[in-house]
Amino acid sequence: MSRLAPLSGFPEWSPAERSVEASVLATLRRVFELHGFGEIETRAVEPLERLGGASEASKEVYVLTRRGGETADAEFGLHFDLTVPFARYVEERQGKLTFPFRRYQIQKVWRGERPQEGRFREFYQADIDVVARDVLPAHLEAEVAVVMARALEALPVPAATMRMNDRKLVEGFYRGVGIADVAGALRSVDKLGKIGPEGVAKELAAQGVGEQAADAILELAKIQSADGSFKEAVIDLWETTPTVEDEDAQRLLGEGIASLVALVESVNAAVPGTAMADLSIARGLDYYTGAVYETTLEGHEDLGSICSGGRYDSLVAGGGFPGVGMSIGVSRLVSRLVSQEIVTATRSVPSAVLVAVIDEDTRAASDGIATRLRARGIPCEVAPAASKFGKQIQYADRRGIPFVWFPAAEGDGEVKDIRSGEQVPADADGWNPPVDDLTVRIERR
RNA sequence: GUGGGCGUAGCUCAGCUGGUAGAGCAUCGCGUUGUGGUCGCGAGGGCCGCGGGUUCAAGUCCCGUCGCUCACCCCA
């Protein structure tokens, strides 16, 4: 029996669940396009050397080779995000694209991780990015966040909170208090919520961060505000903390503060109550150089971030293509909606009507009624067997099909709403179901 | 990659200190000979994940292995 166990981390949905996912994807598309993002799709594979080479991420890359190839060595890897293929796409077409280039991309990505709730090995990401030539205006950091906030607003999900930080701010502050390994320190600070201040302090000590510096950056990480008021707290902390002589650090800190104030305030002006400055947000730090974002849903903080991203100096090696982007973890989001039945489909099949079959000799008449309904855009199916009407009604009921059409010897017969039991004579060229019953709908519980 | 938990019917699970399998739900049939959902009666369905060991005897104990799951790492 368990000979056919599902492959963990490779989600496969039932038709009803898939209709929830499809509806989420359709909503995202609509909102992205409303904001002028055009869609691209890139191939599923990249040359291996493009996929992180020796880095940590590359260990998660699924690798592909051809069975009948000359060697068993991998030639390609499946992409593990949409940023890497997008970067390659831009690099290849830099002469043909017009900048700033804004695109959205909704595709599956693959990561060889240990699966858990909300963590998959094959999953959908929905990305938006804006890439500029040489200079990326600061207001675009706010714009991508606003687009994502509006997209999340348009979905049948609880309220989202977008936490934001700025890498220049953090780097300036960390360097100012004398921390050499900024990335390492930030990785520890990122765990604040999980292991607490004592845990972080322990990790920092292990990294050789002095006690005073550790205290200072822990204090920094506590700072949050729903507007620009975090600025005073950061400056106060800076002024009461012993710092090293480093003009770059000073400058970065100042620029970062100004950027983050502007970002939080303009996102909240557009979508009130969404954005929050949170100076503990870390996000790896690999290529991010400005704004960084993380998003959680109210009541589902345990799921982790469902929409993250940031600003980077250049998408293309060698520089010149600064950009900012965010990515929604569609599968993570959908799996939660489905497993907790936060969102459900009104039925498991598209059919609004089951056309009953009296006996096999008159199946053609039933087919004819179905054809005429379909011609007017009413999804329907014909009963699979001419079993007793009770059985045929049960067939419809089990699938959530709201109407059963009973053909008759003369005329088109009658149509029954099996929820109310109401049954009326009807004409297949004129009868319509209520608008709400025409197609499968997605309902927020 | 590291550590914990769990693998028994389609699903959820029970099976005590070893004695060669059970419930509920689901499915199918009948009661109800062409209008469902309730109710009653009945039926089908199990290499007890896989391999090895201990034993007269293993779903049960031991070892291994695979899978699922949770946590860590990392992240959507």
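Naming: A, B, ... by sequence-line order, numbering from 1 per chain. Scope of the values below: all heavy atoms of this structure, side chains included, with no hydrogens, waters or symmetry mates.
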*Asks:* Taking B:rC39 as the reference, what is the distance to B:rA14 when you measure between their P atoms (whole Å, please)?
*Replies:* 26 Å
*Asks:* Can you tell me, in whole Å, how much space there is between the C1' of B:rU8 and that of B:rG4?
*Replies:*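 Nearest-Å result for B:rU8 against B:rG4 at atom C1': 22 Å.
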*Asks:* Does A:R187 make a side-chain donor-acceptor contact with the base of B:rC74, cut-off 3.5 Å?
*Replies:*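 Donor-acceptor pair under 3.5 Å: no.
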*Asks:* Report, one pair per line, the protein and nucleotides 40-44 of chain B atoms (nitrogen or oxygen only) whose separation is under 3.5 Å.
*Replies:*
none

*Asks:* Determine whether any donor atom in the side chain of A:R119 lies under 3.5 Å from an acceptor atom in the base of B:rC74, or the reverse, and answer yes or no.
*Replies:* yes
*Asks:* Rounded to the nearest Å, what distance is computed from the CD atom of residue A:E203 to the C1' atom of nucleotide B:rC73?
*Replies:*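 After rounding, the gap between these two atoms is 11 Å.
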*Asks:* Any carboxylate oxygen within less than 4.0 angstrom of a Lys/Arg side-chain nitrogen, looking at A:R374 and A:D367?
*Replies:*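 Judged by the 4.0 Å cut-off on N to carboxylate O distance, A:R374 and A:D367 do not form a salt bridge.
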*Asks:* Do A:Y104 and A:F37 have ring centres separated by under 6.0 Å?
*Replies:*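 Between A:Y104 and A:F37, the centre distance exceeds or equals 6.0 Å.
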*Asks:* Look up atom OG in A:S280 and atom CZ in A:R163, then write down how far apart they are to the nearest 0.5 Å.
*Replies:*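 The distance works out to 7.5 Å.
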*Asks:* Considering only the C1' atoms, how many Å lie between B:rU12 and B:rG46, rounded to the nearest integer?
*Replies:* 16 Å
*Asks:* Using a cut-off of strictly less than 4.0 Å, decide whether A:R398 has a side-chain nitrogen or oxygen near OP1 or OP2 of B:rU27.
*Replies:*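 A:R398 to B:rU27 OP1/OP2: side-chain N or O found under 4.0 Å.
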*Asks:* Check this for me: does any side-chain nitrogen of one of A:E33 and A:R29 sit under 4.0 Å from a carboxylate oxygen of the other?
*Replies:*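 No, no charged N to carboxylate O under 4.0 Å.
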*Asks:* Any idea which heavy atoms bring A:F120 and A:S331 closest together, and the distance?
*Replies:*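 For A:F120 versus A:S331, the nearest heavy atoms are CE1-O, 3.7 Å.
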*Asks:* Salt-bridged, A:R187 to A:D181, with N to O below 4.0 Å?
*Replies:*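 No.
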*Asks:* Closer to the 5' end of RNA chain B via nearest nucleotide, is it A:A386 or A:I306?
*Replies:* A:A386
*Asks:* Just to confirm, is there a sub-4.0 Å distance from OP1 or OP2 of B:rU32 to any side-chain nitrogen or oxygen of A:K388?
*Replies:* no
*Asks:* All N/O contacts under 3.5 Å from nucleotides 36-38 of chain B to the protein, with atom names and distances to one decimal?
*Replies:*
from, atom 1, to, atom 2, distance (Å)
B:rG36, O4', A:G390, O, 3.3
B:rG36, O2', A:Q394, NE2, 3.3
B:rG36, O6, A:I418, O, 2.7
B:rG36, N1, A:I418, O, 2.7
B:rG36, N2, A:D397, OD1, 2.6
B:rG36, N2, A:D397, OD2, 2.9

*Asks:* Specify the separation, in whole Å, of atom CD of A:Q125 and atom P of B:rC74.
*Replies:*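 The answer, rounded to whole Å, is 18 Å.
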*Asks:* By the side chain to side chain donor-acceptor pair (under 3.5 Å) test, which pairs, at least two apart or in different chains, include something from residues 333-345 of chain A?
*Replies:* A:E117-A:R336, A:H300-A:R336, A:D302-A:R336
*Asks:* Tell me, what's RNA chain B's dot-bracket, Watson-Crick or G-U with both distances under 3.5 Å, | for other-strand, [ ] crossing?
*Replies:* (((((((..((((.....[..)))).(((((.......))))).....(((((..]....))))))))))))....
*Asks:* Tell me, do A:T161 and A:T274 make a side-chain contact under 4.5 Å, heavy atoms counted?
*Replies:* no
*Asks:* Whole angstroms only, please: what is the NZ-C1' distance between A:K191 and B:rC75?
*Replies:* 13 Å
*Asks:* Any base atoms under 4.0 Å from A:V357, or only sugar-phosphate, or nothing? Heavy atoms, all strands.
*Replies:* base
*Asks:* In chain order, what residues pass the ring-ring contact (aromatic ring centres under 6.0 Å, His included) check against A:Y395, with sequence neighbours excluded?
*Replies:* none
*Asks:* Roughly, in whole Å, what's the span from CG in A:D359 to C1' in B:rU35?
*Replies:* 16 Å
*Asks:* For the pair A:R311 (side chain) and A:G290 (backbone), establish whether a donor and an acceptor sit closer than 3.5 Å, ignoring hydrogens and angles.
*Replies:* no
*Asks:* Within the structure shown, what part of the strands sits under 4.0 Å from A:F120 by heavy-atom distance: base, sugar-phosphate, or nothing?
*Replies:*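 Base: the residue A:F120, judged by heavy atoms under 4.0 Å, touches a nucleobase.
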*Asks:* Expressed as a whole number of Å, how far does the C1' atom of B:rG40 sit from that of B:rG10?
*Replies:*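 Pairwise C1' distance, B:rG40 against B:rG10, rounds to 25 Å.
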*Asks:* With no angle test and no hydrogens, is the base of B:rU35 tied to the side chain of A:Q423 by a donor-acceptor pair under 3.5 Å?
*Replies:* yes
*Asks:* With a 4.0 Å limit, can you tell me whether A:S305 has a side-chain N or O closer than that to the phosphate oxygens OP1/OP2 of B:rC75?
*Replies:* no
*Asks:* Classify A:G304 by what it touches in the nucleic acid, base, sugar-phosphate, or nothing, heavy-atom distance under 4.0 Å.
*Replies:*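 No contact.
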*Asks:* What is the nucleic acid contact for A:S331, judged by heavy atoms within less than 4.0 Å: base, sugar-phosphate only, or nothing?
*Replies:*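 Nothing: the residue A:S331, judged by heavy atoms under 4.0 Å, touches no strand.
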*Asks:* For the pair A:E414 and A:K416, find out whether any cationic side-chain nitrogen is under 4.0 Å from an anionic carboxylate oxygen.
*Replies:*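 Salt bridge absent between A:E414 and A:K416.
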*Asks:* For A:F406, which contact category applies under a 4.0 Å heavy-atom criterion: base, sugar-phosphate, or nothing?
*Replies:*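 Answer is base: heavy atoms of A:F406 come under 4.0 Å of a base.
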*Asks:* If the P atom of B:rU2 is compared with that of B:rG64, how far apart are they to the nearest Å?
*Replies:* 15 Å
*Asks:* Can you measure A:E60 atom CD to B:rC72 atom C1' for me and round it to whole angstrom units?
*Replies:*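 In whole Å, B:rC72 C1' and A:E60 CD are 14 Å from each other.
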*Asks:* Output the rounded distance in Å from CD (A:E117) to P (B:rC72).
*Replies:*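 In whole Å, B:rC72 P lies 13 Å from A:E117 CD.
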*Asks:* Do the side chains of A:E91 and A:R88 get close enough for a salt bridge, i.e. N-O under 4.0 angstrom?
*Replies:*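 Here A:E91 does not pair with A:R88 in a salt bridge, since their nearest N and O are not under 4.0 Å apart.
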*Asks:* Tell me the interatomic distance from A:F403, atom CZ, to B:rU35, atom C1', rounded to whole angstroms.
*Replies:*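 Nearest whole value for this atom pair: 16 Å.
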*Asks:* Take atom C1' in B:rA21 and the same atom in B:rC62, then report the distance between them in whole Å.
*Replies:* 23 Å
*Asks:* Can you confirm whether A:E60 sits close enough to A:W110 that some side-chain heavy atom of one is under 4.5 Å from a side-chain heavy atom of the other?
*Replies:* no
*Asks:* Taking for each residue the nucleotide of RNA chain B bearing the nearest heavy atom, is the 5' side occupied by A:C307 or by A:S8?
*Replies:*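 Closer to the 5' end of RNA chain B: A:S8.
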*Asks:* Using the P atom in both, what is the distance from B:rC61 to B:rC25, to the nearest Å?
*Replies:* 30 Å
*Asks:* Expressed as a whole number of Å, how far does the C1' atom of B:rG15 sit from that of B:rG53?
*Replies:*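 Result for the C1' pair: 24 Å, nearest Å.
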*Asks:* Once salt bridge (charged side-chain N to carboxylate O under 4.0 Å, His left out) is applied, do any residues pair with A:R121, and if so which ones, sequence neighbours excluded?
*Replies:* none
*Asks:* Between B:rU69 and A:Q116, is there an OP1 or OP2 to side-chain N/O distance shorter than 4.0 Å?
*Replies:* no
*Asks:* Starting at atom CZ of A:R114, determine the distance to atom C1' of B:rA71, rounded to an integer number of angstrom.
*Replies:*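 Atom CZ in A:R114 sits about 12 Å away from atom C1' in B:rA71.
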